[in-house]
Amino acid sequence: MEIKVRNVCPVAVSKLDRLAKKKGLSRQAFLKEQLETLSIMEEVKKREQAIDDLYDRTIEAMEKCSDAMTNMDRTFHKLTGEDEE
């Protein structure tokens with residue numbers, strides 16, 4: 001599919017050309033890459049947030065498990081009459 005953009009500031013075009021050259025790309029290839037990246041950024045951000053949320057929930061669950069294991073250990077030592085170390 002073809003996209004045309006008109007009336008772009010010459011300074012911006014010059015900057016785009018420098019960025020493209022830096023990456024070893026033509027202006028067209030550079031802009032195509034940038035537009036394709038831009039088009040998926042919202043989805044990438046959503047997935048990153050979902051991963052961050054999952055990480056937070058996992059840490060919280062691990063902390064609860066640790067607390068429960070500590071409590072079970074204390075209870076076991078009380079029931080067996082052993083001193084806790």
Side-chain angles (χ1 to χ4, degrees):
M1 178 170 271
E2 191 172 314
I3 296 175
K4 293 182 182 183
V5 180
R6 294 183 175 87
N7 303 318
V8 179
C9 171
V11 174
V13 173
S14 178
K15 177 68 174 178
L16 290 169
D17 288 343
R18 285 194 303 277
L19 292 169
K21 185 176 180 179
K22 207 174 190 180
K23 290 186 85 173
L25 298 172
S26 66
R27 181 193 304 158
Q28 190 274 333
F30 177 77
L31 288 172
K32 179 181 178 289
E33 183 181 275
Q34 294 299 307
L35 287 170
E36 288 171 349
T37 299
L38 179 64
S39 72
I40 63 167
M41 285 308 295
E42 185 175 339
E43 186 63 31
V44 169
K45 286 180 183 178
K46 284 181 187 177
R47 289 183 183 193
E48 286 175 346
Q49 186 60 53
I51 289 169
D52 287 345
D53 293 346
L54 179 59
Y55 175 79
D56 292 342
R57 289 193 312 270
T58 301
I59 295 298
E60 186 177 314
M62 290 173 72
E63 288 170 348
K64 287 179 181 179
C65 286
S66 177
D67 291 344
M69 290 173 66
T70 299
N71 289 334
M72 287 189 300
D73 191 49
R74 284 186 189 132
T75 301
F76 174 77
H77 287 291
K78 286 179 183 176
L79 290 173
T80 60
E82 297 178 13
D83 290 335
E84 292 186 47
E85 295 180 12

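Between the side chain of S39 and the main chain of E36, a donor-acceptor pair closer than 3.5 Å is present. A donor-acceptor contact shorter than 3.5 Å is absent between the side chain of S66 and the backbone of M62.
R74 is listed as a side-chain neighbour of T70, based on a closest heavy-atom distance under 4.5 Å.
Note: T58 OG1 to L54 CG = 4.0 Å, rounded to the nearest 0.5 Å. With rounding to the nearest 0.5 Å, the separation of CG in L16 from CD in Q34 is 8.5 Å. Taken from CE in M69 to CG in N71, the straight-line distance is 11.5 Å, to the nearest 0.5 Å. K32 contributes atom NZ, which lies 10.0 Å from atom OG1 of T37 (distance to the nearest 0.5 angstrom).
Sorted by first then second residue, the side chain to side chain donor-acceptor pair (under 3.5 Å) pairs that include residues 9-25, not counting sequence neighbours, are S14-R18, D17-R27, K23-E33.
Scored by the side-chain contact (heavy atoms from CB on, under 4.5 Å) test, D53 finds Q49, R57 as partners (sequence neighbours excluded).
Scanning all heavy atoms of the two residues, the minimum distance from A20 to S26 falls at CB-O, 3.7 Å.
In the hydrophobic clustering of this structure, V13 groups with I3; members are Ile, Leu, Val, Met, Phe, Trp, Tyr whose side-chain heavy atoms approach within less than 4.5 Å, directly or through other members. Residues L19 and V8 do not share a hydrophobic cluster, clusters being chains of Ile/Leu/Val/Met/Phe/Trp/Tyr side chains in contact below 4.5 Å.
Within 6.0 Å of the CD atom in E42, the count of heavy atoms belonging to other residues, nucleotides or ligands does not exceed 12.
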